[in-house]
Amino acid sequence: TKYCHPSSFFIDGWSSWLVQETFNTISASTILLVDECGDLLSSQPVERMKLVQGILDLLLHIITTPQSCVTHLRAVGGAIQMLEKFGTVIFLDAVGTSLQHWARVLFTLMNSVSLSVRSVAVDFLVSLLGGTFDAYGSIDDLCRVIVTVLPEVVAREIAMNSVCGLIKDMNDVETSMWPLRRAIADLERDPNDDDRVDVQLSPALSAFCRACQAVIDGVIIELRLRGTDGVCVIVGAKISIPSPMNSPTSPYAFDADEESLFEASCFFLPENAALQRLRWLITLKNLHESKNQSLEAAETLIMCARTIAEAIQHIDGVWRPARFVLWHDSKRSPWLTAIGKTMGRPDRGNVQVMDFADSFLEPPEVLDDTGPTDADTLLVQPTISKLCTALAMYARQAVRQYLKEPGMEQFAFSQLEGLLRSVMEVVDQKSSYHVATRNSRKRSGGGNSRREVEEEGSLRALSATLNLEMSRLVGLMVREETEGASEERKIVAKAKHWYVSVQLSGQKPKRFTESTTIPTFLEWGSPSVCRVPLGIVDAAKEKLDASRRRIHDKAKLEEQICNMFAQPIINALATEIPRNTILLRTDPLLGDVVDSKYTFLVVVVVHMNASELFATQERQTEQRLESKRFFHRKGEPNNANRSRLVSDLVELTVAHSFPCAMSRQRTLITSEILSGT
């Protein structure tokens, strides 16, 4: 590959050979020091800890400095020796809060084009994860720290490659992450082949690797979303984005962008990583807004609000990352001043690179606060007042998004009602705690705490805001009932949400055979349930009305919806394979397709209620709004016996009830229902 990591930044006036040999000598000296002094200090834990901390700080500085593969191999080898010599517990105690910085440099090495450097970094991380599991029985805390700083590392690697002139378009951005993706895939080890990986560790390790891949996807998606007028700016370099993400001709039509962001957010728990979870949920909300998916954006905002409601009770345990001083301070890392200068781009130096990378560590809109800008400082710590303000903002935004979809007032009300219950539970708990502490303080002669008063006031103001939004929704629902709305308005108010099953089979296009970029949301040969956008439903009804066909003819309307929903998918497939080899079916495809020269696209309307399958007219009645289960007919129905429920049915089950924070989901279970006469 022509891509290389920008490792040619050295101190001005120094010979690169001299710098390399100096660091090689230091690394070798640390290995000898550990061998000679490790056993001697075993009976003196304080002195041993000083030795371990000093050597690890030294090795961290060496690994941070861009050097030759040999130097990095020796430095990481020294760290591995420390881990094996003193054990995981002493290693973690020694690094302390610098663990996140070790994660940064390890991920940087894992993106090296040198196979040996990637391998030694992967080997070190496997040993650390395996040792942590053996010592503590869990790797959750360690993985939380590692995954939190990964987006900053990914953004910094993209920025450094941009400074070196290696990124010309979005394909180059994705290509620059190939080494890191391969290295993360190598982290998954078979317990039968690697004795460091316990059998019970393997599932947690797989989840960690999937989350890392999802975070890399998320950074690339955020870059696309940041683009304006088809251009994304990376450290001063303008990178063209082929077409809008919601365009039918977009090359990202099959990307599992929603799924990657959702998986990245679900990796973090509200109890100890609420802001990390919010960070990805906000990106998911922005993605839905870019696709004009109001209902999914509203559901994502409700998830944000629920995350905050759960986090308020555990605010003291929220972990916050810190910036890496060796990536910011040129006094401690003199080589930073050479970034940009050696490539003839002094206006794209380390300050610009780190500004770009820091914006991905935690975007300012998470708490509507930019936080501190000094190097080696923790990001802003949340307070209950700030969290309450953010929750109220997300709730208001969610209501606005819900109201963009017809007939969602009642559903939005129920969502806010559940959110209000969670908030009131927190209010009651905090009030009881504050009363107890105030009574204790009075007995000791102290006064009331200003912080307690502010927290309780913020929580009660939040509950008032939620009640106000619920009152607005009630007013809208009552007005529809009392003001005698027209029949047309009543029909719109009761408009149903349409869902389709989408399945691809037959000849595979290239996009479904490569896995070097964001994966596809469709699994070849398996159905996925997708929500049909309101615009497609309206367009289908208008087309039937224009052709003088009754829009209440259920079969005709379903066929038209399937045809219009399939067109963007067909256009995306046609960019890779001839259009005449793509066959669309709007009825279930019976049997498996083997060695076909055609690509079959099967789009079938599915229903939350099985009884809807046997109605001949599209009636405006109350519809179910939530379900994990969907039904469609298997093959052609028997028209003569349609009312007797004799047709075989297919039931599709997904993981999360629709509507949810994703507009599509892969089917988990497909069952056939054989009904009798």
Side-chain angles (χ1 to χ4, degrees), residues 3 5-6 104 107-108 111 147-181 184 211-247 249-265 276 278-291 300 327 345 348 351-366 511 514 516-521:
Y3 295 92
H5 185 271
R104 288 179 167 100
F107 277 133
T108 302
N111 199 45
V147 179
T148 296
V149 300
L150 178 56
E152 178 193 17
V153 178
V154 173
R156 182 176 181 271
E157 288 293 291
I158 293 173
M160 295 285 271
N161 279 278
S162 175
V163 171
C164 290
L166 300 178
I167 292 181
K168 305 299 182 183
D169 51 33
M170 288 303 297
N171 288 332
D172 293 339
V173 171
E174 297 176 359
T175 304
S176 66
M177 289 295 106
W178 285 3
L180 181 56
R181 288 188 183 273
I184 291 173
C212 289
Q213 298 285 6
V215 166
I216 298 175
D217 297 342
V219 173
I220 296 174
I221 294 167
E222 284 186 343
L223 278 175
R224 298 173 184 172
L225 292 173
R226 291 186 180 191
T228 56
D229 298 328
V231 176
C232 174
V233 180
I234 302 177
V235 196
K238 295 183 178 180
I239 307 299
S240 63
I241 301 176
S243 59
M245 299 181 68
N246 59 346
S247 170
T249 59
S250 173
Y252 316 125
F254 293 113
D255 284 2
D257 43 15
E258 299 176 21
E259 293 77 3
S260 293
L261 294 173
F262 187 78
E263 183 169 5
S265 67
Q276 289 89 321
L278 282 176
R279 180 244 186 284
W280 294 113
L281 286 176
I282 291 173
T283 303
L284 179 58
K285 184 264 298 185
N286 294 336
L287 176 65
H288 287 313
E289 290 179 344
S290 71
K291 295 181 178 181
T300 306
W327 280 357
R345 297 184 175 94
R348 303 180 188 178
V351 174
Q352 290 75 23
V353 168
M354 292 313 303
D355 286 344
F356 179 80
D358 286 343
S359 66
F360 286 86
L361 178 61
E362 185 175 287
E365 59 265 27
V366 172
R511 177 67 179 88
E514 292 187 347
T516 54
T517 182
I518 299 176
T520 59
F521 73 89

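Small disclaimer: the values here were computed from a predicted structure and weren't measured. Computed over heavy atoms, backbone and side chain alike; hydrogens, waters and symmetry mates excluded. Residue indices begin at 1 and follow the sequence shown.
When all heavy atoms are compared, the tightest approach of Ala155 to Val219 is N-CG1, 4.4 Å. For the pair Lys238 and Val231, the tightest heavy-atom approach, listed with the atom from each and the gap, is CB-CG1, 3.7 Å. Nearest approach of Ile216 to Ile184, heavy atoms of both residues: CD1-CD1, 3.7 Å. Here the shortest heavy-atom pairing between Val215 and Ala264 reads CG2-CB, 4.2 Å. A pairwise comparison of heavy atoms in Leu225 and Ser290 identifies CD2-OG, 3.7 Å as the closest pair. Taking every heavy atom of both residues into account, Arg279 and Pro151 meet most closely at NH2-CB, 4.0 Å.
How far CD1 of Ile221 is from CG of Asn286: 11.5 Å, rounded to the nearest 0.5 Å. For the atom pair OG1 of Thr175 and CE of Met170, the computed distance is 10.5 Å after rounding to the nearest 0.5 Å. Of the inter-residue distances, the one linking Arg156 atom CZ with Asp358 atom CG reads 10.5 Å to the nearest 0.5 angstrom. Rounding to the nearest 0.5 angstrom, the gap separating the SG atom in Cys212 from the CD atom in Glu263 is 10.5 Å. Note that the CG atom of Asp172 and the CE atom of Met177 stand 12.0 Å from one another [nearest 0.5 Å]. Here the CD1-SG distance, from Ile220 to Cys232, works out to 11.5 Å after rounding to the nearest 0.5 Å.
Residue pairs meeting the salt bridge (charged side-chain N to carboxylate O under 4.0 Å, His left out) criterion with at least one partner in residues 211-220, sequence neighbours excluded, are Arg181-Asp217.
Looking at residues two or more places apart in sequence or on another chain, you find a salt bridge (charged side-chain N to carboxylate O under 4.0 Å, His left out) between Arg104 and Glu152. Applying the side-chain contact (heavy atoms from CB on, under 4.5 Å) rule to Asp355 yields the partners Val351; only residues at least two apart in sequence or on another chain are considered. Every residue two or more places apart in sequence or in another chain was checked for a side chain to side chain donor-acceptor pair (under 3.5 Å) with Gln352, and none qualifies. Looking at residues two or more places apart in sequence or on another chain, you find a salt bridge (charged side-chain N to carboxylate O under 4.0 Å, His left out) between Glu258 and Lys291, Arg664. Residues forming a side chain to side chain donor-acceptor pair (under 3.5 Å) with Thr148 (at least two apart in sequence, or on another chain): Gln276. Shown here are the side-chain contact (heavy atoms from CB on, under 4.5 Å) partners of Ala159, two or more places apart in sequence or in another chain: Val235, Val353, Phe356. Every residue meeting the side chain to side chain donor-acceptor pair (under 3.5 Å) condition with Ser359, not counting sequence neighbours, appears here in chain and number order: Arg226. Applying the ring pair (Phe, Tyr, Trp, His ring centres under 6.0 Å) criterion to Trp280, with sequence neighbours excluded, gives no partner residue. For the ring pair (Phe, Tyr, Trp, His ring centres under 6.0 Å) test, no residue two or more places apart in sequence or in another chain qualifies with Phe521. For Asp255, the side chain to side chain donor-acceptor pair (under 3.5 Å) partners two or more places apart in sequence, or in a different chain, are Arg224, Arg511.
The closest donor-acceptor contact from the side chain of Asn111 to the backbone of Leu180 lies under 3.5 Å. Remark: the backbone N or O of Asp257 is not paired with any side-chain donor or acceptor of Ser260 at under 3.5 angstrom. Listed for the Ser162 side chain is a donor-acceptor partner under 3.5 Å among the backbone atoms of Ile234.
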Run the side chain to side chain contact (heavy atoms under 4.5 Å, CB included) check on Val154 and Phe360 step by step: do they pass?
CA-CA 9 Å; Val154 173; Phe360 286 86; over 6 Å; no
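Partner of Thr283 under the side chain to side chain donor-acceptor pair (under 3.5 Å) criterion, chosen from His288, Glu222, Glu365: Glu222.
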